[in-house]
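Note that this is a predicted model, so its numbers are computed, not measured.
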Amino acid sequence: MRRTVFDAGHDAFRARIRAFIDAEVVPSFGKWYDDGLVPREFYYRLGELGVFGIEAPVAFGGAGQSSFGYRAVLAEEIARAAVSFGGSSAHVTRCLPLVRTLATTAQQQRWWPGIVTGETMFALAVAEPGAGSEPADMRTTAPLGTDGVYVVNGSKTFVTGGVHADRVIVCARTAAPRADDPSYGLSLLVVDTATPGFRVGRQLDTLGRKVSDTAELTFTDVRVPVADVLGAPHRAVEHLAAQLPRERLGIAVSAYAQAKAAIRFARLHTAERGPRPGFQNTRFELAACRAEVDAVEAVVDRALTAHDQGELDPADAASAKLFATETAGRVIDRCLQLHGGTGYLTDSPIARLYADHRIDRILGGTGDALRALLATDMGL
């Protein structure tokens, strides 16, 4: 069936991104994968291509687009080649929406130009060692001094894009929690990584997404001016929660793209081997995978349409994420099986998809967390 979520603008963007990936990413990706990091200069190239400016205001050099379809195209083309754009995923999907919705006019004037060009890369630091992202357990503090400067002390982990980041949006406790609201008192502070006391710790060795630039960060008396508070003070959890439907849609789109790509790689692999006894089973397996991916496509496209019409609610986004990620997990696993031993080699595209996808069932809410949300929405 013909998909109706994309228009001519999306199609032109897809052609440009596919050509770029084929010409400039695929030939270099093996080295990046071994290094566990993309070159910092790569982000300048993404800026030139307009990847960072899609949703940025026109006044600051962006395209001013509101359609999530461009992010979907990007996810599909990245998955199609089984590559990665490194830590820029957090810059685009988690940080830019926060800047767009929360930044003051003065902050936007300072930050957007560098965001669009790739000269100012953002990362988001929420989770902490031993505490995860649970608000009541966060220990990073940032009291406001009498001189009008917050002083950050603590550590963060699982920070995607942490090594190359120029600014880090840090969730820190700026006031004591309230008895009836443990999330109160957490604020979002934009830390300049050139500030004394900021340090990049370990770069984490993850199962998948090897070039995601995931790191631990520490803050020792890091000074942040009041002008760099993002959003309302003490309301970080509300600001982050407001972005969850969009974040979950992005994960659902990525899962669909990876599952579709897995079928592509399995077809290519089995075609190279040629017909042999039992090939009918291979055909049936691929057909079954195709049916599952068709179903995910329908769910994802419905969610994309709802988002662009301003109608994507939290339950719909959770449902799309849950269905897409769990179905994609099954499909990618079956496609890896069709590769035989080749699929178990870490440098094979299907192995990268298999490892990269696994985090999608954790990020943005685990399957059980999403089931709980949906059950509550159903009045159960």
K.L.:
Can you check whether L230 reaches L189 side chain to side chain, under 4.5 Å on heavy atoms?
P.N.:
no

K.L.:
Step by step, would you call S84 with D356 a side chain to side chain contact (heavy atoms under 4.5 Å, CB included)?
P.N.:
CA-CA 9 Å; S84 167; D356 289 354; 5.6 Å; no

K.L.:
Under 3.5 Å, side chain of E24 to main-chain N/O of A19, donor-acceptor pair present?
P.N.:
no

K.L.:
Quick check: F85 with F42 (ring centres under 6.0 Å apart)?
P.N.:
yes

K.L.:
Evaluate the criterion side chain to side chain contact (heavy atoms under 4.5 Å, CB included) for residue pair C335 and I263; output intermediate values, then yes/no.
P.N.:
CA-CA 6 Å; C335 288; I263 294 175; 4.0 Å; yes

K.L.:
Tell me whether E285 is salt-bridged to R330, with the criterion being a basic N under 4.0 Å from an acidic carboxylate O.
P.N.:
no

K.L.:
Report yes if the side chains of T117 and Y44 come closer than 4.5 Å at any heavy-atom pair, otherwise no.
P.N.:
no

K.L.:
Passes salt bridge (Lys or Arg N to Asp or Glu O under 4.0 Å), D228 versus R167? Steps please.
P.N.:
CA-CA 10 Å; D228 286 350; R167 300 286 187 279; over 6 Å; no

K.L.:
Any donor-acceptor pair under 3.5 Å linking the side chain of H164 with the backbone of V38?
P.N.:
yes

K.L.:
Determine whether V170 and L144 fall in the same hydrophobic cluster, where Ile, Leu, Val, Met, Phe, Trp and Tyr are linked whenever their side-chain heavy atoms lie under 4.5 Å apart.
P.N.:
yes

K.L.:
What's the separation between atom OG1 in T206 and atom CD1 in I359, rounded to the nearest 0.5 Å?
P.N.:
8.5 Å

K.L.:
Walk me through whether D192 and R223 qualify under salt bridge (Lys or Arg N to Asp or Glu O under 4.0 Å).
P.N.:
CA-CA 9 Å; D192 184 337; R223 295 170 60 82; over 6 Å; no

K.L.:
Under a 4.0 Å N-O cut-off, is there an ion pair linking R94 with E247?
P.N.:
yes

K.L.:
Taking D313 for the side chain and A315 for the main chain, is one N or O donor matched with an acceptor at less than 3.5 Å?
P.N.:
yes

K.L.:
Kindly say whether K156 contributes a backbone atom to a donor-acceptor pair with the side chain of E216 at under 3.5 angstrom?
P.N.:
no

K.L.:
Regarding R358 and D333, does a basic nitrogen lie under 4.0 Å from an acidic carboxylate oxygen?
P.N.:
no

K.L.:
Looking at side-chain heavy atoms only, is the closest gap between S88 and F52 below 4.5 Å?
P.N.:
yes

K.L.:
Is it true that K260 and E76 make a salt bridge, defined as a side-chain N closer than 4.0 Å to a carboxylate O?
P.N.:
no

K.L.:
Find the distance between CG (D294) and CZ (R290) and round it off to the nearest 0.5 Å.
P.N.:
4.5 Å

K.L.:
Working note: C171 + L188, criterion side chain to side chain contact (heavy atoms under 4.5 Å, CB included); need CA distance, chi angles, decisive distance, verdict.
P.N.:
CA-CA 5 Å; C171 184; L188 297 177; 4.1 Å; yes

K.L.:
Output yes when a side-chain donor or acceptor of D213 lies under 3.5 Å from a complementary backbone atom of V163, and no otherwise.
P.N.:
yes

K.L.:
Side-chain heavy atoms under 4.5 angstrom apart, residues restricted to Ile, Leu, Val, Met, Phe, Trp, Tyr: same cluster for V126 and L102?
P.N.:
yes

K.L.:
Taking D368 first and then R371, would you say they form a salt bridge - that is, a charged N and a carboxylate O separated by under 4.0 Å?
P.N.:
yes

K.L.:
Got T195 and F219 here, is their nearest side-chain heavy-atom distance under 4.5 Å?
P.N.:
no

K.L.:
Determine whether the side chains of W111 and Q107 contain a donor N or O and an acceptor N or O closer than 3.5 Å.
P.N.:
no

K.L.:
With a 4.0 Å cut-off, would you call R246 and E55 a salt bridge?
P.N.:
yes

K.L.:
With no hydrogens and no angle check, do the side chains of E128 and T157 hold a donor and an acceptor under 3.5 Å apart?
P.N.:
no

K.L.:
Report yes if the side chains of R71 and L249 come closer than 4.5 Å at any heavy-atom pair, otherwise no.
P.N.:
no

K.L.:
Answer yes or no: is there an ion pair linking D316 with K321, defined by an N-O contact shorter than 4.0 Å?
P.N.:
no

K.L.:
Parallel, tilted or perpendicular, judged at 30° and 60°: which one describes the rings of H269 and H339?
P.N.:
parallel

K.L.:
Cluster question for you: counting only ILVMFWY and a side-chain heavy-atom cut-off of under 4.5 Å, with indirect links fine, are V222 and V168 together?
P.N.:
yes

K.L.:
Distance-only, no hydrogens or angles: does the R202 side chain make a donor-acceptor pair with backbone N or O of L204 under 3.5 Å?
P.N.:
no

K.L.:
Distance check, rounded to the nearest 0.5 Å: R100 atom CZ versus C95 atom SG?
P.N.:
12.0 Å

K.L.:
Out of D308, I54, V5, which one pairs with S67 under the side chain to side chain contact (heavy atoms under 4.5 Å, CB included) rule?
P.N.:
D308

K.L.:
If we only count heavy atoms from C-beta on, is the I115 to M121 side-chain gap below 4.5 Å?
P.N.:
no

K.L.:
Just how far is it from atom CG of L46 to atom CZ of F20, taken to the nearest 0.5 Å?
P.N.:
5.0 Å

K.L.:
Please state whether the rings of Y70 and F13 are parallel, tilted or perpendicular, taking 30° and 60° as the class boundaries.
P.N.:
perpendicular

K.L.:
Can L124 be reached from V229 by stepping across I, L, V, M, F, W or Y side chains whose heavy atoms are under 4.5 Å apart?
P.N.:
no

K.L.:
Any donor-acceptor pair under 3.5 Å linking the side chain of T193 with the backbone of D166?
P.N.:
yes

K.L.:
Do side-chain atoms of R235 reach the backbone of S187 as a donor and acceptor pair under 3.5 angstrom?
P.N.:
no

K.L.:
Below 4.0 angstrom, N of the basic side chain to O of the carboxylate: do R361 and E326 qualify?
P.N.:
no

K.L.:
Under a 3.5 Å distance rule, please check whether S348 uses its side chain to pair with a backbone N or O of L345 as donor and acceptor.
P.N.:
yes

K.L.:
Classify the ring geometry of H234 against Y184: parallel below 30°, tilted from 30° to 60°, perpendicular beyond 60°.
P.N.:
tilted

K.L.:
Are any of the side-chain heavy atoms of R14 and F6 separated by less than 4.5 Å?
P.N.:
yes

K.L.:
Are V51 and I17 side-chain neighbours, meaning at least one heavy-atom pair lies under 4.5 Å?
P.N.:
yes

K.L.:
Given 3.5 Å as the limit, does a donor-acceptor pair link the side chain of H91 with the main chain of G161, or not?
P.N.:
no

K.L.:
So, are R16 and D11 salt-bridged, with charged N and O less than 4.0 Å apart?
P.N.:
no

K.L.:
Parallel, tilted or perpendicular for Y33 and F29, by the 30°/60° rule?
P.N.:
tilted

K.L.:
Any salt bridge between D22 and R18, counting N to O under 4.0 Å?
P.N.:
no

K.L.:
Working note: S89 + S212, criterion side chain to side chain contact (heavy atoms under 4.5 Å, CB included); need CA distance, chi angles, decisive distance, verdict.
P.N.:
CA-CA 8 Å; S89 59; S212 64; 5.6 Å; no

K.L.:
Give a yes-or-no answer on whether the side chains of Y256 and E297 include a donor-acceptor pair shorter than 3.5 Å.
P.N.:
yes

K.L.:
Going by atom types alone, do D360 and T325 pair a side-chain donor with an acceptor below 3.5 Å?
P.N.:
no

K.L.:
L304 and I251: same hydrophobic cluster, using ILVMFWY side-chain contacts below 4.5 Å?
P.N.:
no

K.L.:
With rounding to the nearest 0.5 Å, note down the distance linking CG in L37 to CH2 in W32.
P.N.:
10.5 Å

